[in-house]
Amino acid sequence: MKPIALITGATSGIGKATAILLAKNNYKLILTGRRKERLIDLQERIKSESDADVFILNFDIRIKKDTERAIEGLPENWKDIDVLVNNAGLAAGFSPIQEGDINDWESMIDTNVKGLLYISRIISPMMIKKGSGHIINISSIAGIETYPNGNVYCASKHAVQSLTKGMRLDLLKYGIKVSSICPGAVETEFSVVRFKGDRNKAKQVYNGFTPLMAEDVAETVLFAVTRPKHVNIDDLLIMPTAQAFSRDFNRE
Ligand code: NDP
Ligand code: 8X3
């Protein structure tokens, strides 16, 4: 029987690349996100490229009721989730703390921390019941270091790091794996979202060096989920060769 992976935030970037790669590696997929058209397009693409079954769930992970309803409403044969990739997330804004937009702060905390918790709270008991499972939290170099103007985004990813450790400890006795994957700069829609649609500003983030691609991070997810039963990848930091730590770049 094919394992089932649920990937949050599969409409773009790392989540989408992970969906495509896991589909090619024998996984059935539950894909989530707010942009329904994109989920449908991805479902059709995956079905045409591989024989993977894809179930789409369209909801906003910040809304607890909608998240619960979506997962509880899954058909019984889709509830046997083997892998949860907690990927949905964003940075909103890039301001010093004294000028930060509180709506941006709430959106990051609600998505990156509370949304991750809502879905993990529903799926971890399902994994305990079936006696196995793997939760992969997409964290960040921002969960390890804090950089100027990164304040709340970095805090949200530090929370993801701490929650990964907490989950690992609490789920240890049930044999459930928990991993954190921490990428440096990946060129996705991340910076376009951070800079509120300003594509020129977003492009400048990756000027003069080769950033990671979403597919590079997807490869690390595949690596983590394909380790033998006795091996858990606790924490994996993946950086562009031209980026050391959060602020040091070798730009041309
Ligand atoms: P993208 O902006 O390309 O993708 C973000 C995904 O998250 C989208 O599919 C989006 O779907 C989903 N998402 C955002 N908000 C919500 C919400 N409220 N409800 C449901 N889904 C939501 O960025 P990335 O692929 O780069 O980001 C993926 C993860 O990787 C994030 O957690 C990010 O913090 C992390 N990361 C990114 C790095 C980078 O440099 N790009 C580096 C390190 C970590 P939709 O809008 O359709 O809802
Ligand atoms: C995204 C990486 O360094 O832009 O998490 O915050 S960074």
Side-chain angles (χ1 to χ4, degrees), residues 6-20 31-42 56-64 66-67 70-71 85-94 104 106-116 118-119 136-161 163-164 180-197 199 201-202 204-206 209-218 220-221 236-240 243-249:
L6 186 154
I7 303 168
T8 67
T11 58
S12 167
I14 294 168
K16 181 177 175 180
T18 302
I20 291 166
L31 304 179
T32 87
R34 290 168 299 180
R35 287 169 288 183
K36 193 173 180 183
E37 281 309 312
R38 286 194 182 205
L39 289 173
I40 293 167
D41 288 350
L42 182 57
I56 56 177
L57 289 177
N58 175 220
F59 63 92
D60 185 331
I61 204 162
R62 292 171 297 181
I63 303 171
K64 182 159 70 79
D66 290 358
T67 305
I71 305 303
V85 184
N86 277 321
N87 165 75
L90 80 164
F94 191 73
D104 284 347
E106 286 179 342
S107 133
M108 289 186 275
I109 292 166
D110 288 352
T111 312
N112 302 357
V113 183
K114 291 169 69 180
L116 178 147
Y118 296 155
I119 198 148
I136 307 241
N137 293 327
I138 304 298
S139 179
S140 171
I141 180 68
I144 299 166
E145 294 178 27
T146 304
Y147 50 83
N149 300 328
N151 40 65
V152 177
Y153 177 68
C154 295
S156 75
K157 290 298 183 179
H158 276 67
V160 172
Q161 287 296 95
L163 286 170
T164 304
S180 176
I181 293 180
C182 300
V186 192
E187 191 166 8
T188 58
E189 293 178 11
F190 176 84
S191 293
V192 177
V193 171
R194 171 171 250 173
F195 296 117
K196 317 279 168 76
R199 290 187 178 270
K201 225 170 172 179
Q204 283 167 27
V205 173
Y206 312 105
F209 77 103
T210 306
L212 295 173
M213 293 184 300
E215 289 74 14
D216 298 317
V217 182
T220 66
V221 175
L236 191 155
L237 174 62
I238 172 170
M239 302 293 285
Q243 181 187 12
F245 310 104
S246 58
R247 296 176 66 201
D248 292 280
F249 293 88

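As the structure lists them, so they are numbered: ligands from 1, and atoms in each ligand from 1. The structure presented is a predicted model; accordingly, all values stated were derived computationally and were not measured.
Glu106 contributes no side-chain N or O that, together with a main-chain N or O of Met108, makes up a donor-acceptor pair within less than 3.5 Å.
The closest protein non-hydrogen atom to atom 12 (C) of ligand 1 is Gly9 CA, 3.5 Å. The protein atom (non-hydrogen) at minimum distance from atom 38 (C) of ligand 1 is Val186 CG2, 3.9 Å. When hydrogens are left out, the protein atom nearest atom 26 (O) of ligand 1 is Thr188 OG1, 2.6 Å; that is the closest non-hydrogen contact. Of the protein's heavy atoms, Ser12 OG, 3.5 Å lies nearest to atom 1 (P) of ligand 1. Looking only at heavy atoms of the protein, atom 33 (C) of ligand 1 is closest to Tyr153 OH, 3.7 Å. At the shortest separation from atom 18 (N) of ligand 1 among protein heavy atoms lies Asp60 OD1, 2.8 Å. For atom 46 (O) of ligand 1, the closest non-hydrogen atom of the protein is Arg34 NH2, 2.9 Å.
Atom 45 (P) of ligand 1 has its nearest heavy-atom neighbour, among Thr8, Val205, Thr11, in Thr11. Considering only non-hydrogen atoms, atom 13 (N) of ligand 1 lies nearest to Ala88 out of Ala88, Ala214, Ala142. By heavy-atom distance, the residue among Ser140, Gly150, Cys154 lying nearest atom 2 (C) of ligand 2 is Ser140. Checking Gly184, Ser140, Gly15 against atom 42 (C) of ligand 1, the nearest heavy atom belongs to Gly184.
Exactly one residue among Phe94, Tyr147, Phe190 makes a ring-ring contact (aromatic ring centres under 6.0 Å, His included) with Tyr153. That residue is Phe190. No option in Glu189, Lys16, Arg38 other than Arg38 meets the side-chain contact (heavy atoms from CB on, under 4.5 Å) test with Thr11.
Close approach of ligand 1 to Glu189 is summarised as follows: ligand atoms under 4.0 Å from at least one heavy atom of the residue are 2 (O), 3 (O). Counting the atoms of ligand 1 from 1 in the order shown, those under 4.0 Å from a heavy atom of Arg62 are 18 (N). Each of the atoms 6 (O) of ligand 2 lies under 4.0 Å from some heavy atom of Ala142. Residue-ligand proximity, Gly13 to ligand 1, at heavy-atom distances under 4.0 Å covers atoms 3 (O), 25 (O). Near Ala10, meaning under 4.0 Å from one of its heavy atoms, ligand 1 places the atoms 9 (O).
Residue Tyr206 has no N or O atom closer than 3.5 Å to an N or O atom of ligand 1. By the 3.5 Å distance cut-off applied to N or O atoms, Gly33 is not counted among the residues near ligand 1. Annotation: Ala185 places no N or O atom under 3.5 Å from an N or O atom of ligand 1; distance criterion only.
The shortest heavy-atom contact between Thr8 and Ala88 is OG1-N, 2.9 Å.
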Candidate pair Ile71 and Leu57, rule side chain to side chain contact (heavy atoms under 4.5 Å, CB included), full reasoning: CA-CA 8 Å; Ile71 305 303; Leu57 289 177; 4.0 Å; yes
Could you go step by step and tell me if Ile61 and Phe59 meet the side chain to side chain contact (heavy atoms under 4.5 Å, CB included) rule? CA-CA 6 Å; Ile61 204 162; Phe59 63 92; 4.1 Å; yes
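Using a 3.5 Å distance cut-off with no hydrogens or angles, the side chains of Ser180 and Asn137 do not pair a donor with an acceptor.
At a 4.0 Å heavy-atom cut-off, ligand 2 touches Ile141 through the side chain alone.
Within the structure, ligand 1 has Lys157 among the residues with a heavy atom less than 4.0 angstrom away. Using a 4.0 Å heavy-atom cutoff, Ser139 is listed among the residues neighbouring ligand 1.
Between Lys196 and Asp104 there is a salt bridge, since a side-chain N of the basic residue sits under 4.0 Å from a carboxylate O of the acidic one.
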